[in-house]
Amino acid sequence: MSRKVYLDHNASTPVHPDVVAEMMPYFQDVFGNPSSVHGFGRAARDAVDVARERIARFLAAAPDEIVFTSGGTESDNFGVKGLALARGRGHVITSKIEHHAVLRTCQTLEGQGFDVTYLPVDEHGMVSADDVKRAIRPDTIAISVMHANSEIGTIQPVAAIGELAREHGVPFHVDAVQTFGKIPIDLHGAGIDVLSFSGHKIYGPKGIAGLYIRKGTKMVAIQHGGEHERRRRAGTENVPGIVGLGKAVEVRGRDMIEEAVRVTALRDRLWNGVRQRIPDVRLNGHPLERLPGTDNVAFRHVESESIVLGLDLKGVAASAGSACTAGHVEPSHVLVAMGLPLDWAMGAVRFSLGRTTTADDIDYVVDCLEALVRKLRLALPAGRA
Ligand SMILES: Cc1ncc(COP(=O)(O)O)c(C=O)c1O
């Protein structure tokens, strides 16, 4: 069998076997609607309650501060819109490098009369707390800054931002989809009022996620219907998904720290291998304040799509920093916001490592990259490389 190396864990992860095992009874045996009063319903309700408690414990929150949603995207929509619409009008602060789930929600709010400040970032993709301080106005009604960026892995100074938010009495939403279950989150120390998290980035199933909402935070629902989730999010609960998310969180609680150390060493092995063996490369993102498993590497004068496709032929999965929109290849909004020159930004590739990544995998990927980048550069028109 040909070799397969999956280095796209920030996009999605395989479901942990313990999670699959925990979910199985909830498809056929315990299939009731948690809102039903009979035994079938009560059994499903009990399972939802157990998962909620597991997640609450992991975050040092109360179970009734956890609301289940259909994904990180819904959590972000709910987090930002829920805070803004509860206040009717005003000013929202976010950053230029947020996930589109936040950025496009903010753009929608602008269309509804809200004012939004999109904060810049430095060359490492870091938001400055001083910029947040300067942006706060008397009519600021929400701040939304992600914990770590999915493309470059830079970890934002959420504790400093949270302190400012608290000082000014502004609710603080944090998109923690890329950090939840990967690195510790100090909800209380960081003054976080609302936090988005998602299952499929942490070896849980897709289509299940959640929001932490600090008790007393004024929010409106964005999905209406029944009385589910204390009337904060209508819709019959995704019981197998919720059970899976609860188990995934329990497993992360056990493995997270040890794995973060192991994966950080592998991440550094990858970058060191690349920079020692391939000329004209750079690491995008913060050199230290970065997610354990994320290396975003720019290969100058080479198109990231060609690298990703070439790696795919070798059984290696990575992802391109650029996106093809309407026939044009565009550099990522994150790299543009960092001020990365175009000839670097177009050659950015993200490698995101996970629990099954080995040192052997990393050495194989470095070998593949060295040969591939040399070949692609040789094919460039004279004078380009
Ligand atoms: C930072 C961040 N926020 C939100 C999302 C959206 O999450 P989901 O795929 O669960 O909708 C992602 C997914 O890549 C992400 O990385």
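First listed ligand is number 1; within each ligand, the first listed atom is number 1. Residue indices begin at 1 and follow the sequence shown.
Distance check: Asn149 CG to His286 NE2 gives 13.5 Å after rounding to the nearest 0.5 Å.
Neither the backbone nor the side chain of Lys206 has any atom closer than 4.0 Å to an atom of ligand 1 (non-hydrogen atoms only). Here Ala101 has no heavy atoms under 4.0 Å from ligand 1, in either its backbone or its side chain. For Asp175, every heavy-atom contact with ligand 1 shorter than 4.0 Å involves the side chain, none the backbone. Of all the heavy atoms of Asp76, the ones lying under 4.0 Å from any atom of ligand 1 belong exclusively to the side chain.
Heavy-atom distances between Lys201 and ligand 1 reach below 4.0 Å in at least one pair.
When the shell of 6.0 Å around CD of Glu258 is examined, it contains 12 or fewer heavy atoms from other residues, nucleotides or ligands. Heavy-atom contacts from other residues, nucleotides or ligands closer than 6.0 Å to NZ of Lys206 number more than 12.
In the model, Ser352 has no side-chain atom that pairs as donor or acceptor with a side-chain atom of His9 under 3.5 Å.
A continuous path of hydrophobic side-chain contacts links Val158 to Leu59 [ILVMFWY only; heavy atoms under 4.5 Å].
Taking every heavy atom of Ser198 and a limit of under 4.0 angstrom, the matching atoms of ligand 1 come to 10 (O). For ligand 1, the atoms sitting less than 4.0 Å from at least one non-hydrogen atom of Ser150 are 16 (O), numbered in the order shown with element in parentheses. Ligand 1 places these atoms under 4.0 Å from at least one heavy atom of Met146: 1 (C).
Considering only non-hydrogen atoms, atom 10 (O) of ligand 1 lies nearest to Gly72 out of Ser196, Gly72, Ala176, Gly207.
The shortest contact between atom 9 (O) of ligand 1 and any protein heavy atom is with His200 NE2, 2.9 Å. Among protein heavy atoms, the minimum distance from atom 6 (C) of ligand 1 is reached at Thr73 OG1, 3.5 Å.
For the pair Arg252 and Tyr203, the NZ or CZ position fails the cation-pi test of under 6.0 Å to the six-membered ring centre and within 45 degrees of the ring normal. Both tests hold for Arg3 against Tyr364: distance to the six-membered ring centre under 6.0 Å, angle to the ring axis within 45°.
Without hydrogens or angle criteria, Arg45 side chain to Pro34 main chain gives a donor-acceptor distance under 3.5 Å.
On a distance-only criterion, Ala148 and ligand 1 share no N/O pair closer than 3.5 Å.
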